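Have a look at the structure below before the remarks.
Basis for what follows: all heavy atoms, side chains included, without hydrogens, waters or symmetry-related copies. A quick note: this is a predicted structure, and the numbers were derived from the prediction, not measured.
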Amino acid sequence: MRFQLFEITIQRVDYCATAYVVAPSKDVAWLTVITHEEELGLEHEDLTIRRFDDRIDEELELGLDCLLENAPVGFASFCELGWVAHTAPVQELKLFRTIDCEGNNVYAITPNIDIAVSVFTTELRIPKGETRLLHISDGMADLPEEIMRNLPRLLEFGPIGIAVFDGEEKRWFVC
């Protein structure tokens, strides 16, 4: 059975969040979001659900067929790897950290460490077949409070990918 991809716009009290849900129907997508909201104790003022896979731009098609044919019902996001399913029934994205060859911190927002490895491997351009040891840790562990800013909002629905803190704008971005 081929599923559909829905774009969900969630209006909160002070901001708007966008999420993507893989589901067989609009009703199941709606139920998935409501269950997520209830499990995490989140509140919303309004939800808008629109079919997304039938109007997707060509540059966002990477991995879409595989996602719609194989992913379980739940959240998904697009990153440089293509579309990736967030496999937990209730999504809780995490910030992971590793160190590049020059000793700089590299951060990724992903649902689990397995996807973090894929995102880091792609970002660090590790050639296939080359062995490199990645030390991946909790990216939130040593972050100063003053740079947390919009990080909780990104961890709510993503997107997943490499996360960068812009010191001038004082906020996080996902590349």
If you take all heavy atoms of [X] and [Y], which pair is closest and at what distance?
X	Y	answer
Y20	E7	OH-OE2, 3.1 Å
Y15	E156	OH-OE1, 2.5 Å
T32	G74	CG2-CA, 4.1 Å
I49	A29	CD1-C, 4.4 Å
I109	P159	CG2-O, 4.1 Å
P72	F3	C-CE1, 4.2 Å

Can you tell me how far apart [atom1] ([X]) and [atom2] ([Y]) are? Round to the nearest 0.5 Å.
X	Y	atom1	atom2	value
L64	L5	CG	CG	6.0 Å
D166	I147	CG	CD1	11.5 Å
W172	Y107	CH2	OH	5.5 Å
E37	I10	CD	CD1	5.0 Å
L154	R171	CG	CZ	7.5 Å
T9	L47	OG1	CG	9.0 Å

Original post:
In this structure, are over 12 heavy atoms from other groups packed under 6.0 Å from R51 atom CZ?
Top reply: yes

Original post:
Quick check: are there more than 12 heavy atoms from other residues, nucleotides or ligands sitting under 6.0 Å from CD of E45?
Top reply: yes

Is any side-chain heavy atom of [X] less than 4.5 Å from a side-chain heavy atom of [Y]?
X	Y	answer
F6	F52	no
L31	T35	yes
M148	L143	yes
V84	T110	no
I162	F120	yes
L155	K94	no
H36	L42	yes
W83	I56	yes

Main chain of [Y], side chain of [X]: is a donor-acceptor contact present, judged purely on distance under 3.5 Å?
X	Y	answer
D53	Q4	no
N112	D114	yes
R97	M140	no

Original post:
Please walk me through it: do I34 and H44 pass side chain to side chain contact (heavy atoms under 4.5 Å, CB included)?
Top reply: CA-CA 10 Å; I34 294 302; H44 63 273; 3.8 Å; yes

Original post:
Run the side chain to side chain contact (heavy atoms under 4.5 Å, CB included) check on T48 and Q11 step by step: do they pass?
Top reply: CA-CA 8 Å; T48 304; Q11 182 62 50; over 6 Å; no

**OP:** For R125, enumerate each residue passing the side-chain hydrogen bond (donor to acceptor under 3.5 Å, both in side chains) test, keeping only those at least two apart in sequence or located in another chain.
**Re:** none

Original post:
Where does the angle between the aromatic ring planes of F75 and F157 fall among parallel (under 30°), tilted (30 to 60°) and perpendicular (over 60°)?
Top reply: tilted

**OP:** Is it possible for you to say whether L93 and F173 belong to one hydrophobic cluster, with membership spreading through side-chain heavy-atom contacts below 4.5 Å?
**Re:** no

Original post:
Is I136 linked to I99 within one hydrophobic cluster, defined over Ile, Leu, Val, Met, Phe, Trp and Tyr using a side-chain heavy-atom separation of less than 4.5 Å?
Top reply: no

Subject >> Pairing of R149 and E169 as salt bridge, 4.0 angstrom limit >> reply: no

Original post:
Taking only residues two or more places apart in sequence, or in another chain, which ones meet N104 in a side-chain contact (heavy atoms from CB on, under 4.5 Å)?
Top reply: D100, E102

Subject >> Sequence-distant partners of D14, salt bridge (charged side-chain N to carboxylate O under 4.0 Å, His left out), two or more places apart >> reply: R153

